[in-house]
Colleague: 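To start, I am sharing the structure in question, which I have written as structure tokens.
Each ligand, and each atom within it, is numbered from 1 in the order the structure gives. No hydrogens, no waters, no symmetry mates; every other heavy atom, side chains included, goes into these values.
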Amino acid sequence: MIDLGKNLSVVTRRTKSSVIRELLKLTNQPGIISFAGGLPDSSLFPSEKVADIVGDLAKKFNKAELQYGPTEGMPQLKEELVKLLEKDDGIKVKPENILITTASQQGLDLIGRGFIDPSDPILVELPSYLGGLQVFQSYGANIIGVKCDDDGILIDELEKKLDMLVEEDEHYKFIYVVPDFQNPSGVTTSQERRKKLVEFSDKYNVLVVEDSPYRQVRFEGTAPDMIYKLDHTDNVVSLFTFSKTFAPGLRLGYMVAHEEIIKKMVKLKQSLDLCTSTLNQLIAAEFLRQGYFHDHVNSMITVYKNKRDAMLHALEEYMPKGEGISWTRPEGGLFLWVRLPETLSANEMFYDAVEQKVAYVIGSAFHCDGSGTNTMRLNFSYPSVEQIDTGIKRLAEVIKKELSKKSVRV
Ligand code: PMP
């Protein structure tokens, strides 16, 4: 065999395997309650509707469903998305502003491929989506983290970092944010900060990449505007996916941006997969056209809200009080975020937790600078309400044990 160490490309060598994947291997043991994954509840997938749609499509097949399609995406789906974006978010776009992607992960890859040259600075949230960080790392970006609070990215800190990059004459490429019920933290960026991001995209002439897989999964409260809607500079690219609102197995997403940016992305996508599955695009187009989409999202919201409530309730009930442990209260999405006292390490505690048959994802995995060792991400969409209660009880016991070890050491 060839020497993989020597022959693999720089991009392959730079691509790190996900810490989560490694840890998830440990959690695949019987009896473990896992808050570690990020999967939707598969019992909610609308399989009967999909069967009906596929059956109907098959009856009137004109063979185009099984043919290659345009790289930009099938016009039928784009037409539905134009309506959806206007109805849900008041965003007026033309089909030319949309590129259908093989889910959002491909959108992120296209952004990385399209904009990053090795050592180009990009700015991301601390914490940020791990799959995004992996892509940007593989293209050799110099990833700069900006701290966040419960209203999203800290604007003053972002401004300082941008000023510093201007001063150093650095060719920074984009700011990457997950503004709605962020993966991992569950935090939503406030309207004020969204406006600031648009202001900065203008002032610093920088692209803002808005990755928003969870936006439609809102349980309560009012949604701030999409950054894309607030934009007046054509410097915002938005990524959406059907993974959380329909089914991740379809591998369907869409990028919304200025026509000129979309054209460049289309060129890159040609070399990735020529086009996204035409059949799957037509299934989604019909799902939207026949009016199932919002009903489906609403039924999912009811279930996830119940699970979010169960997790918040269990945390309130079982977590040690007065020890500086806090957690976010997301108004939607799939995740919440726990902050432990600085003295505790969620990384070290992970193995104890697995022994006690409960799993989470270590927060440091989402920090491009390795910080956040006292944090963890908990997923509430996949486990059942009963599992959530038992799992949080187990987790609280592990934390209590860890706290008592620390106080003995002091
Ligand atoms: N962006 C974010 C913020 C995510 O959380 C995920 C995965 N859940 C993705 C992108 C990729 O999702 P997909 O490729 O399934 O659309």
Colleague: Select the closest option to atom 3 (C) of ligand 1 among Val135, Leu108, Asp211, Leu130, judged by heavy-atom distance.
Modeller: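 It is Asp211 whose heavy atom sits nearest to atom 3 (C) of ligand 1.
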
Colleague: So do Glu159 and Leu162 actually touch side chain to side chain, heavy atoms under 4.5 Å?
Modeller: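 They are not in side-chain contact.
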
Colleague: Could you check whether any side-chain heavy atom of Leu207 comes within less than 4.5 Å of a side-chain heavy atom of Ile261, counting everything from C-beta outward?
Modeller: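 The answer is yes; the side chains approach within 4.5 Å.
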
Colleague: Determine whether Lys269 and Thr276 make a side-chain contact, defined as any pair of heavy atoms from C-beta on separated by less than 4.5 Å.
Modeller: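 Side-chain contact under 4.5 Å: yes.
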
Colleague: Should the proximity of Pro213 to ligand 1, defined as any heavy atom under 4.0 Å, be assigned to the side chain, the backbone, both, or neither?
Modeller: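 Side chain only.
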
Colleague: Give the atom numbers and elements of ligand 1 that come within less than 4.0 Å of a heavy atom of Arg251.
Modeller: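 Under 4.0 Å from Arg251, ligand 1 has these atoms: 13 (P), 14 (O), 15 (O).
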
Colleague: Which bit of Gln182 gets closer than 4.0 Å to ligand 1, counting heavy atoms only: side chain, backbone, both or neither?
Modeller: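 Neither; nothing of Gln182 gets under 4.0 Å from ligand 1.
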
Colleague: Please could you name the atoms of ligand 1 that Tyr214 approaches to less than 4.0 Å, counting only its heavy atoms?
Modeller: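 Near Tyr214, the atoms of ligand 1 are 4 (C), 5 (O), 8 (N).
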
Colleague: Looking at atom 12 (O) of ligand 1, what's its closest protein heavy atom, distance included?
Modeller: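 In this structure, atom 12 (O) of ligand 1 has Ser104 CB, 4.1 Å as its nearest protein heavy atom.
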
Colleague: Using a cut-off of 6.0 Å, state whether more than 12 heavy atoms not belonging to Lys203 lie near its atom NZ.
Modeller: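 Yes.
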
Colleague: Starting from atom 11 (C) of ligand 1, find the nearest protein heavy-atom neighbour and note its residue, name and distance.
Modeller: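 Result: Tyr129 OH, 3.5 Å.
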
Colleague: Does ligand 1 come near enough to Thr241 that some N or O of the ligand is less than 3.5 Å from an N or O of the residue?
Modeller: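 Yes; at least one N/O pair falls below 3.5 Å.
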
Colleague: Kindly indicate whether the side chain of Leu44, heavy atoms from C-beta on, has any atom under 4.5 Å from the side chain of Val303.
Modeller: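 Result yes, sub-4.5 Å side-chain heavy-atom pair found.
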
Colleague: Which residue holds the protein heavy atom closest to atom 15 (O) of ligand 1, what is that atom called, and what is the gap in Å?
Modeller: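 Residue, atom and distance for the closest contact: Ser243 OG, 2.6 Å.
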
Colleague: Which one holds for Lys244 and ligand 1: side chain close, backbone close, both close, or neither close, with close meaning a heavy atom under 4.0 Å?
Modeller: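 Side chain only; the backbone of Lys244 stays clear of ligand 1.
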
Colleague: Aromatic rings Phe240 and Tyr254: how do their planes relate, parallel, tilted or perpendicular, breaks at 30° and 60°?
Modeller: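 Answer is parallel, since the angle falls under 30°.
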
Colleague: Can a donor-acceptor pair be found between the side chains of Glu259 and Asn97 at a distance below 3.5 Å?
Modeller: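 Glu259 vs Asn97: no donor-acceptor pair found between side chains.
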
Colleague: Near Val178, which atoms of ligand 1 are under 4.0 Å from a heavy atom of that residue?
Modeller: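 Matching atoms, with element in brackets: 3 (C).
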
Colleague: Below 4.0 angstrom from a heavy atom of Asn183, which ligand 1 atoms are there? Numbered from 1 as shown, please.
Modeller: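 Ligand 1 atoms under the 4.0 Å threshold to Asn183: 4 (C), 5 (O).
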
Colleague: Quick check on ring-ring contact (aromatic ring centres under 6.0 Å, His included): which of Phe136, Tyr129, Phe115 does Tyr176 satisfy it with?
Modeller: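 Exactly one option meets the ring-ring contact (aromatic ring centres under 6.0 Å, His included) with Tyr176, and it is Phe136.
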
